[in-house]
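This structure is a prediction, so every number in the text was calculated from the model and none was measured. Chain naming here is simple, since letters A, B, ... match the order of the sequence lines and numbering starts at 1 in each.
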Number of protein chains: 2
Amino acid sequence: MSHRTNGTRRTIGQRPVASIQDVADRAEVSIATVSRALNKPHLVSPETALRISRAVTELGYRPNRLAQALMTRRSGVVGIALPDIHGEFYSDLMRGADAEAREQGCHLLVGSSHLAPLDGTDPATGGMGRALGLIDGLAVMITEPRPTLDAELEALGAPIVVVDAEVADHDAVVVNHAGGAREATRHLLDGTPPSKCFFVGGPESNLDSRARARAFGATLCEAGHSPTPDQIRFDSYSIGWGQRWTRDAARIQDLRGIAVFAANDEIGYGVVTQAQDLGFGVPDDVRVVGFDGTRLTEIARPSLSTVLVPREELGRQAIRVLLQRLESPDAPRRRVMLSTSLIVRGSSGQ
Amino acid sequence: MSHRTNGTRRTIGQRPVASIQDVADRAEVSIATVSRALNKPHLVSPETALRISRAVTELGYRPNRLAQALMTRRSGVVGIALPDIHGEFYSDLMRGADAEAREQGCHLLVGSSHLAPLDGTDPATGGMGRALGLIDGLAVMITEPRPTLDAELEALGAPIVVVDAEVADHDAVVVNHAGGAREATRHLLDGTPPSKCFFVGGPESNLDSRARARAFGATLCEAGHSPTPDQIRFDSYSIGWGQRWTRDAARIQDLRGIAVFAANDEIGYGVVTQAQDLGFGVPDDVRVVGFDGTRLTEIARPSLSTVLVPREELGRQAIRVLLQRLESPDAPRRRVMLSTSLIVRGSSGQ
DNA sequence: CTGAAAGCGCTAACAG
DNA sequence: CTGTTAGCGCTTTCAG
């Protein structure tokens, strides 16, 4: 009945792998019926269905996803491209993405753009360009502005959702950085005059860092004080920078009575520890608020006030929006904004 | 020339996607020639090659990986199944795996087994069972013993490399936990009598935790002291447990002069901080060594001595061994052991 | 060096 | 309800 042209059975390792034809032969039906029994059971008589399901288990048959995907134009795999697979932020993001993908019956293909792409193309998408056909869509996280980004995404030839940024025409899932930064700044302003508030930023090129700085500045203005340049600094997302900023600041002025809004928790942690090492009290002399809500905030003593970013949720929503887009390709562009929440802890007293 | 049966062009979003047939038409050659030009350029005349490559760029053609994979039986995707995508350990592991995969021209499909599998099958492999055909092989990290593991892996129908454990017949990449634990214990024994050394473990079911405990005990024995039950405790990999252990221990005995080997850095961190809170000096009263070499060790004050586990390298090697297995399916089973290195810092004095 | 033809394993009309 | 037929987009003999 079966007539496998090359006469050989496909094997992996030493084990033969059953194909739909094998199942059909064993159940004495056509492959079409097997396919139906598996995908649209209601179209198959109970008896044949039983014979088939028996054959399936006996042979340990499992449909080849590749062949399936080629026909249905759906591989059930979505890509996620991150700047770097590293640290708590991305780790949590991926966790959420993975959970959502799984719940929807999909797999997650990862790629990080910090690794040079093999062929010099699509750096922002972490080499996903080579996955054409393999992935149904892609979630890309963007943290730095790139002039060529649009072209890169376009060339990908797959539905895209942008994470934590906005790119024309694409769905986006973003975090309300401005809102969070505003809230944190207002909290500091409640007890500290605007002229004694400082923003210690991450890389100046980093979009999030910029957004937070902008909101900080705007909030100070609203409070009737236009921030001086030295009230807003940028460098890097690291403990070391937080410490360095603190040392430098102490050299110029008295730290007593100041409040620091750090662009992320690491910076904030650095500020807290360095201030303490210099003999200042936190929060009595120096008040500090971080950003992200990472574990570090709970390790700090006093524990660090922070703006919680829903990291897992960000990953989840990215995948969710992507899959919805796949369902309805012609739906209007979507934009989901996730809100942060201020967590006041010991480091910012009040 | 082309005769696409359904007459429609495949599109993604609004953009048409070119197929090999489109390229062939445009270059006025057969699809076979296009395929050759792309895969075995030396078999094609320079002129046709040029025409084809021109057509390729003009159409923005990129081969469909799915179709390619169906023919070649190689998708260029390898899976990695972790207990959980979370925390520094797995994050680094994935980073290494991703880097290696990319360097070898592959993609990485992730799956974590902490998420219930959709169909109740293969919990250990993070739902990779559904990826049959999509992945060329799988790296699985095992941290808890599972009776059904062998069957689960077998059912997967793809080459497998086991990470951080040994499973009959499969390639394995492991960490020398015993060696690292021995080294750490000897270091503590150098200055502290064996009867005052304690092992504070993670979950008792965790294979790594067990291995470290065993080596700790053996090393004490070699020093002429058979450890009492209270010298080896298990609970969980958390800061909280380290703190709790310390409080409990302080209730029973004087902490002065003891040395603690923590099964991971978090536990170690908990011990250090709690001991300090109870008024003991680290390392003067209590000496502590952690395990893993995570960032937490540098944050601790004094910084935490630890046994560095090459996490990125572990991920790298897992993928490397897997890809080598794919190259030579009949090569003898391989086993790669990665060594740890003791990092002595402030917390263990000397 | 190039083209025709035969599939990879599967789904999807279309007739029965 | 079931079988037949036609491909999905690509690689690979096998003849020229």
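- Taking atom CD of B:Glu28 as the reference point, atom P of C:dC1 lies 20 Å away to the nearest angstrom.
- Electrostatic pairing of A:Arg320 and A:Glu103 does not count as a salt bridge here, judged by no charged N lying under 4.0 Å from a carboxylate O.
- Protein atom CZ of A:Arg62 is 12 Å distant from nucleotide atom P of C:dC10, rounded to whole Å.
- Positionally, the nearest nucleotide of DNA chain C for B:Ser45 lies more toward the 5' end than for the other of B:Met71 and B:Ser45.
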A:Ser112 vs A:Asp84, side chain to side chain donor-acceptor pair (under 3.5 Å): CA-CA, chis, key distance, verdict: CA-CA 5 Å; A:Ser112 56; A:Asp84 191 355; 4.9 Å; no

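- For the salt bridge (Lys or Arg N to Asp or Glu O under 4.0 Å) with A:Arg325, the qualifying choice from A:Asp171, A:Asp136, A:Asp169 is A:Asp171, the only one to do so.
- Summarising the geometry, the separation between CZ on A:Arg74 and C1' on D:dG9 is reported as 19 Å, rounded to the nearest angstrom.
- Remark: A:Arg74 CZ to A:Gln68 CD distance equals 12.5 Å, nearest 0.5 Å.
- The phosphate of C:dG9 has OP1 or OP2 within less than 4.0 Å of a side-chain N or O from B:Arg73.
- Taking atom NE2 of B:His42 as the reference point, atom P of C:dC1 lies 9 Å away to the nearest angstrom.
- Neither OP1 nor OP2 of D:dC8 sits under 4.0 Å from any side-chain N or O of A:Thr72.
- Using a 4.0 Å cut-off on heavy atoms, the residues of residues 30-41 of chain B that approach DNA chain C are B:Ser30, B:Ala32, B:Thr33, B:Arg36, listed by number.
- Here D:dC10 presents its C1' atom at 13 Å from CG of A:Leu134, a figure rounded to the nearest Å.
- The nearest whole Å value for the distance from the CD atom in B:Gln68 to the C1' atom in C:dG9 is 17 Å.
- Taking CG of B:Leu134 as the reference point, atom CE of B:Met128 lies at 10.0 Å (rounded to 0.5 Å).
- Between the C1' atom of D:dC10 and the CG atom of A:Leu70 lies a distance of 8 Å, rounded to the nearest Å.
- The side chain of A:Asn64 lies closest to C:dG9 when the candidates are D:dC1, C:dG9, C:dT2.
- The distance from atom CG of A:Leu66 to atom C1' of D:dC10 is 11 Å, rounded to the nearest whole Å.
- Distance CE/A:Met94 to CE/A:Met141: 13.0 Å, rounded to 0.5 Å.
- The distance from the OG1 atom of B:Thr143 to the CG atom of B:Asp164 is 8.0 Å, given to the nearest 0.5 Å.
- Across the interface with DNA chain C, nearest-nucleotide mapping of A:Ile20 and B:Glu47 shows B:Glu47 to be the residue nearer the 5′ end.
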